[in-house]
Amino acid sequence: MKKVSTFLKWFFGVAFIVIVLLTITVLWFVKSEEKQLSGENTVVVDGSNFKTQFGKIAIKNIGVLSANTDSILPNQTILVNNEIIEYVGEAKNIPNNYIVIDGQGKYLIPGLIDSHIHPYKSKNDLLLFLANGITHVATMSSWRGLYLEWRDEAKNGSLLPQLYVAAGPMNSAKDFRSKVYGSLGPIPVFNDTIKTKKTVAEFKSMGYDALKAYSLDKDNYFAVSRASKEYNIPMIGHLTPAVTLEDLFDSNQSQVAHVEEITKAMEQEFGGRSKIFYDNTEAYLSFLIENADSIAKRIKEKNITISTTVNVYPRAKKQDLDLRSYLKSMEIEYVNPGILEGSVFNPGWLPGSNRYEDPNNTDTEGIRKAKIYWDTYIEAVNKMTLAFARNGVNLTAGTDAGNPGIVAGFSLHDELEHLADLGLNNKYVLDTATKNAAEWLGSNAGIIAEGRTADLVILNGNPLDNIGNTRNINAVVVRGKYLDRSELDEILKLIRDANNQSRKISVEEYLSN
């Protein structure tokens, strides 16, 4: 009996040690994977090492985008004093204590703004935005203070774009798995209206700029709406599946994060997706076109801002139907390897893990249905976007950067080109990424005028002639700090190098020759 007792003590002791070691191993593995998937394992490029001009800067002989007309004002002089524009106008004598930059043959526009991004924990993405002329971004997912530190660093002078940080996404879910995940995981669920109100108060006290609704049930959607009004913190984000357009108009939601949220609501009013795909697509599009202007007018009356993200869907179609070709067409070398590669816990962007890739689309019928789906979806979003523009809805350019196939910084230029391809004039398109977005963010930038923040981009080509010229960047000024082309190129090089150091999967086959 004594031997049995001794054995049992030994057995349970060993079992306990094994369980502890397994638990530690599992937790280490999960934490390691989380760091990889969020981009944390990639070396962070130190922005303080870049050479910038700062203080008193004069840019002369340059064409300046007019704030109020669809024109370029020729031969202008701009004086920047630290972070503020102190003069814009005709040529004048420049004081000797100014650094002078000759803008002959070049064009000055306000710093660009991406009103919808997801950088995960890839801080290098912020430098990618700067290298692409984007001086302000709105991050649409944050928990436990994520990105608030980055926002403070930018405010305190670090070489970063300014950040607007929304808490969320805010979801409701009744199933057991979601409840457990909401208790233990990074993203809680909102099933109790009293707790929802309390959480909104906590977000306000933490200093968040907004609340992002995502997939809330109706009770908690309106609980967030009431709390956002009470605590004076904007409610933005998705038009959740549980609510209708009428609910939107009755709420305190002041921004919708995608044009598609409105088209999805119209799908519901039409009778649901099962009524649309794949036999009634034309009827649905006719329904949308018939109602688009009246809905746009109500959104305008309610002063609701809409972020575009219209180029997401052509990208999704390409990833669904020809992923490898699409990967060769994008700036894959700048995508954080952890986000690009993914794992069993989260899909990446590459073949075998890309969430848009559908193995059923290899046969003729699958491909036919996929094309019908995506073509209808893209057409609906495009038509709704044009209705918003016709009716004066405040549109801001957003990209959903960070989601599969959408590269930080570069994707905003694609978004602007998509909007221009719809027939919107180039000044209007530029306003969505400058003036309109700055007004929505409450930013002092967005136009080139005395007293405004010196967020500026010098271009080598006229963007009013060709919106693609927003890519042709000569220099960027972010809060008065001047980065010339050589420094922008150095940013890109260092990010490429950092990515290459942490790759687990080669991307050579996707790089253009």
Side-chain angles (χ1 to χ4, degrees), residues 113-119 136-143 146-148 151 162-172 187-188 190 196-197 199-204 206-218 220-245 247-265 296 298-310 312 384-385 388 393-403 415 432-433 436-443 446:
I113 299 169
D114 190 332
S115 63
H116 193 131
I117 72 162
H118 297 281
H136 207 142
V137 294
T139 62
M140 290 291 122
S141 53
S142 172
W143 290 112
L146 182 63
Y147 309 131
L148 295 181
R151 185 188 65 184
Q162 298 302 296
L163 279 82
Y164 174 98
V165 184
M170 304 177 75
N171 302 311
S172 298
I187 302 176
F190 294 82
T196 294
K197 180 180 178 180
T199 304
V200 169
E202 291 172 355
F203 289 154
K204 174 70 175 182
M206 290 174 70
Y208 278 108
D209 296 302
L211 312 165
K212 184 188 177 184
Y214 189 77
S215 186
L216 294 163
D217 61 32
K218 184 174 284 194
N220 283 282
Y221 176 84
F222 279 105
V224 172
S225 171
R226 291 189 297 271
S228 76
K229 187 172 184 178
E230 180 176 345
Y231 297 116
N232 192 30
I233 178 170
M235 179 183 181
I236 66 175
H238 289 219
L239 181 57
T240 74
V243 302
T244 64
L245 285 171
D247 292 325
L248 170 66
F249 299 141
D250 290 338
S251 76
N252 197 49
Q253 186 168 343
S254 59
Q255 186 258 17
V256 176
H258 308 273
V259 173
E260 74 158 338
E261 295 305 311
I262 306 302
T263 64
K264 287 193 295 186
R298 293 198 67 186
I299 288 173
K300 168 70 174 175
E301 289 169 4
K302 292 291 183 177
N303 198 27
I304 297 171
T305 293
I306 307 287
S307 178
T308 58
T309 71
V310 293
V312 170
M384 198 69 237
T385 303
F388 288 147
V393 173
N394 188 48
L395 284 178
T396 66
T399 65
D400 232 354
N403 278 320
E415 185 75 14
T432 69
N436 295 2
E439 289 176 358
W440 172 63
L441 293 170
S443 167

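No experiment lies behind these values; they were computed from the predicted model shown. Values reported hereafter were calculated over all heavy atoms of this structure, with side chains retained and with hydrogens, waters and symmetry mates removed.
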[X] side chain near [Y] side chain, heavy-atom distance below 4.5 Å:
X      : Y      : value
Asp209 : Arg151 : yes
Ile236 : Ser254 : yes
Leu211 : Met170 : yes
Phe388 : Val259 : yes
Ser215 : Pro169 : no
Leu248 : Ile304 : yes

Side chain to side chain contact (heavy atoms under 4.5 Å, CB included) with [X]: which residues, sequence neighbours excluded?
X      : value
Ala167 : Phe203, Tyr208
Ala138 : Met140, Tyr164, Trp440, Leu441
Ala397 : Thr308, Leu412, Leu416, Thr432, Ala433
Ala257 : His116, His238, Gln255

By salt bridge (Lys or Arg N to Asp or Glu O under 4.0 Å) - contacts of [X] (at least two apart):
X      : result
Glu230 : Lys197
Arg298 : Glu246
Lys218 : Asp247

Output all residues satisfying side chain to side chain donor-acceptor pair (under 3.5 Å) with [X], sequence neighbours left out; order by chain, then residue number.
X      : answer
Lys229 : none
Lys204 : none
Ser172 : none
Thr309 : His258

Exercise: identify the closest heavy-atom pair between [X] and [Y]:
X      : Y      : answer
Ala210 : Ile233 : CA-CG1, 3.8 Å
Gly237 : Lys212 : CA-CG, 3.9 Å
Leu239 : Thr244 : CD1-O, 3.8 Å

Handout entry: Residue Tyr231 excluded, over 12 heavy atoms near OH under 6.0 Å
Key = yes
Handout entry: Test side-chain hydrogen bond (donor to acceptor under 3.5 Å, both in side chains) applied to Asn436 and Thr396, step by step
Key = CA-CA 6 Å; Asn436 295 2; Thr396 66; over 6 Å; no
Exercise for the section: Begin from the C-alpha positions of Val256 and Ile299 and carry the test side-chain contact (heavy atoms from CB on, under 4.5 Å) through to its verdict. Expected result: CA-CA 10 Å; Val256 176; Ile299 288 173; over 6 Å; no
Exercise for the section: Look up atom CG in Leu163 and atom CG in Leu148, then write down how far apart they are to the nearest 0.5 Å. Expected result: 9.5 Å
Fill in the blank from the handout: CG (Asn171) and CG (Leu216) are apart, to the nearest 0.5 Å, by 6.5 Å
Practice task
Could you give me the CA-CA distance, side-chain angles and deciding distance for Asn252 and Arg226, then say whether side-chain contact (heavy atoms from CB on, under 4.5 Å) is met?
Solution key: CA-CA 7 Å; Asn252 197 49; Arg226 291 189 297 271; over 6 Å; no
Exercise for the section: Before giving the answer on side-chain contact (heavy atoms from CB on, under 4.5 Å), spell out for Ile262 and Leu245 the whole-Å C-alpha distance, their side-chain angles and the decisive distance to 0.1 Å. Expected result: CA-CA 8 Å; Ile262 306 302; Leu245 285 171; 4.0 Å; yes
Is it the case that the side chain of [X] and the backbone of [Y] share a donor-acceptor pair, with hydrogens and angles ignored and the cut-off at 3.5 Å?
X      : Y      : answer
Gln253 : Ser225 : no
Lys302 : Phe249 : yes
Glu415 : Thr399 : no

Exercise for the section: Might you work through the side-chain contact (heavy atoms from CB on, under 4.5 Å) test for Phe222 and Thr196, ending with a clear yes or no? Expected result: CA-CA 10 Å; Phe222 279 105; Thr196 294; over 6 Å; no
